Amino acid sequence: MNEVLQPVTDPMAVLHGELSGVNLHDVALVDRAYRQIVATSDSAEVRVAWLANHTLDPVVRVAAVAAFQQGVPVAGWVAPYGQHFQAILDEHSELHSFRPNVLVLWLSLRQLAPLLVEAGDILDNPARQAQADAVLSQIAEWLQVARERTEATLIVANFPRPAISRLSLADLRMESGEALLFDNLNRRLAATYRDDPRVIILDVAHAVASGGSRSGWNARMYRLAKIEWMDTAAVSAGVLFARAFRALVRPAKKCLAVDLDNTLWGGVIGEDGPGGIRIAEGDPVGEAYRAFQFALLDLKARGVLLAICSKNNMEDVAEGFATRSMPLTLEDFSAVMINWNSKPDNLKEIASELNIGLDSLVFMDDSPAECELVRHFAPAVSTVHLPPDPARYADLVFDTWDFDKLTITAEDLRKTEQYRENAARAASMSQIKDLSAFLENLGTRIRIKRANKDSLARLHQLFAKTNQFNVTTKRYTPAEVEAFAVSTEWRLEYVEARDNFGDLGIIALFLLRLDPALPQVDSLLLSCRAMGRGIETAMCNRIKQIAFGELHAAELSAYFAVTKKNKPAAGFFESQGFDMVGSNDGGKQIFRLTRGRSCVQPCPGLVAVEVEG
Amino acid sequence: MERLRGVIANALGVPIAAVRPEMSRGEDENWDSLGHLRLVTSLEQTYGVQLTMREIEECSTVSALAAALRAHKVELRPD
């Protein structure tokens, strides 16, 4: 008897396949897709509570479907109309049992201050100002309540301008002008919360305008049901929310690798010669490619590494960059693979050279065959097949969700420089055979500090991105990181490092639960570029000092959760004098260190260790 | 009215057999106030008409919607 075993298919993958083609502008299709998603979203990693004083349903649906299409299932709960305060203040409200990790507040100015929006010239200037101030105060109060009573990340929508202009030609000349009103409101909103790691101001004003506010404004639907934005405006806003939800749970990709011929310039440099490729100003095709090159430089300035992956002779390429004037130079690229080997292999080389995962790479190429090869042999890479016409290449770069980041840190702005410094360090290593001589040559100095407001964004990034030297691989939201930083029951400290080649920045942290009877190491992690110098030992010494010196505890506990990626940290607690007291099949090892057996471990690789506070 | 029943069934997420002329708003949990607006939007997109606020408020059965569409010059062949 031949019984064929059917492969088990993942129902979510099947649903994802079905819904990937849904046109977000088709209301009926989006509704049907939304209902299917809702039926499966109990375990979704993003749980959004939507709170508004107008009816958000079209936007909520598009956001859920768009996020699902991009691989991020979202569970949603919509607060009853106008209950954005009550839903949080009432302990028994469904919001709390829904356990959202994201709260969205979208207040319609038209609904909140109808006179201001629909007949602003009736009011005098102080009255208009007072109404605008009252709106911002209400948002501040709501944020205070949300911050205190929930653990969620808080997304606040800003204010789209009405589609029909009240003052029209006179708008820019009058104090009562809408341009002034909305610009001021939105500017104040963004400025007030710019450095707040828990609050995200979302530019729905831009999304609505870019999607089309005139066609999106349905006066009839507004009067009947308080739906302010529909059609393309709602789709545009929904997509923006989906992008934000995704950015909350997916780390941004770190590197963009590009082909050269008919990608960075028009033509094939090996055939057309450096003089024959199209990259000149004054040439429309050349200008399209120049815009693409500028887009890459823009990404690089925000922390994305650039790489080349091209089938060419190095001499031809070098001559091209040297003799033709173009925005990019070879020095802008952190890794360059120009040879005749397979592109999937080259991309793996690039990932290895830059010390990043393949899943941190985005690859852009105009060749459908090369893209197919990469999708097949390096599926972890995010492959973008560029269309034949370069006109939209620059726009495509900015429309790519893969590089989205909700905050850009000072670390990000130095990324390419940091990798250059790392390469210099690696080069110096080959000259020094002896490890201790090498470490001495490196001259690493560290400072261990308590987490404070300025470091929160970087610490959250470390929690989210560190996989190799990470003993428990626990992930925390910005709200949770902030809570740990201020709590008296936890100690969150980080390490700043520099060496003779430059400033490494914030590269490690630990989180200690301050239970006076049995303090526990909840997290201890180190960025991979700072491994092998003894920084982890210095952190552990500090933890021992807190546990035994400050808390006077009798024992310190820790555990190690084995993952596919954290082999570099295996054996860490043993090396620090801990005893393993248990382990389970799930790969969790439990450690204890008694006060009597604890001692400070030497860190010969470190020139200086300073502890603040 | 086959096509009309199909559009309604699709918009409300109910089987086409459930869409009888007497079917009314509030009867099925999918035909709540937002379901009604989704349904109206879907009908307007399909037939290229714009119903008035009064019509949207007052049409609460399938047959009333059919009558409103006919009033807007939409041809609906009887079953």
Side-chain angles (χ1 to χ4, degrees), chain A residues 15 18-19 22-41 50 52-65 76-83 212 214-235 238, chain B residues 1-19 23-62 64-69 71-74 76:
Chain A
L15 185 60
E18 276 177 31
L19 300 186
V22 168
N23 176 3
L24 295 172
H25 294 272
D26 186 325
V27 172
L29 282 184
V30 166
D31 280 349
R32 186 138 49 98
Y34 179 71
R35 270 177 257 133
Q36 286 174 278
I37 289 168
V38 163
T40 63
S41 67
W50 300 83
N53 64 347
H54 56 127
T55 304
L56 285 184
D57 283 64
V59 173
V60 169
R61 280 163 168 71
V62 169
V65 176
W77 177 81
V78 180
Y81 181 85
Q83 300 282 296
R214 189 169 270 257
S215 59
W217 162 244
N218 188 322
R220 196 183 47 156
M221 283 305 180
Y222 181 74
R223 303 297 163 202
L224 274 173
K226 298 287 179 272
I227 303 177
E228 196 166 2
W229 303 110
M230 297 178 70
D231 286 8
T232 47
V235 171
Chain B
M1 289 233 295
E2 193 62 36
R3 187 184 180 208
L4 173 64
R5 291 172 65 222
V7 172
I8 295 175
N10 197 40
L12 293 180
V14 298
I16 196 168
V19 182
M23 183 190 187
S24 78
R25 203 171 144 175
E27 213 180 77
D28 185 297
E29 62 173 2
N30 286 343
W31 196 349
D32 58 4
S33 54
L34 282 164
H36 184 66
L37 290 170
R38 285 201 303 274
L39 170 54
V40 164
T41 310
S42 202
L43 291 171
E44 291 180 333
Q45 266 183 355
T46 306
Y47 295 105
V49 296
Q50 278 258 295
L51 299 180
T52 66
M53 279 172 67
R54 299 267 292 272
E55 283 167 332
I56 295 172
E57 275 184 327
E58 288 165 14
C59 292
S60 45
T61 63
V62 169
L65 283 169
L69 289 172
H72 284 267
K73 311 277 192 285
V74 174
L76 298 168

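The basis for the numbers below is simple: all heavy atoms, side chains too, and nothing from hydrogens, waters or symmetry mates. No experiment lies behind these values; they were computed from the predicted model shown. Throughout, a chain's letter reflects where its sequence line sits, starting with A, and its residues are numbered from 1.
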Assess whether atom CZ of B:Arg25 is packed by more than 12 heavy atoms of other residues, nucleotides or ligands within 6.0 Å. yes
Between A:Ile227 and chain B, which part of the residue has a heavy atom less than 4.5 Å away: side chain, backbone, both or neither? side chain
For B:Gln45, which atoms come within 4.5 Å of any heavy atom of chain A: side chain, backbone, both, or neither? side chain
Under 4.5 Å heavy-atom distance to chain A, tell me which part of B:Leu12 shows up: side chain, backbone, both or neither. backbone
Heavy-atom pairs under 4.5 Å with chain A: which of B:Val40, B:Val7, B:Thr52, B:Leu51 has the most? B:Leu51
Just verifying a value: how many Å separate A:Arg223 CZ and B:Ile56 CD1, rounded to the nearest 0.5 Å? 14.0 Å
Can you measure from CG (A:Asn218) to CD (B:Glu44) and round to the nearest 0.5 angstrom? 8.0 Å
Nearest-0.5 Å distance, CG of residue A:Leu29 to OG of residue B:Ser42: 9.5 Å
Looking only at heavy atoms, which two atoms of A:Arg35 and B:Asn10 are closest? And how far apart? NH2-O, 4.1 Å
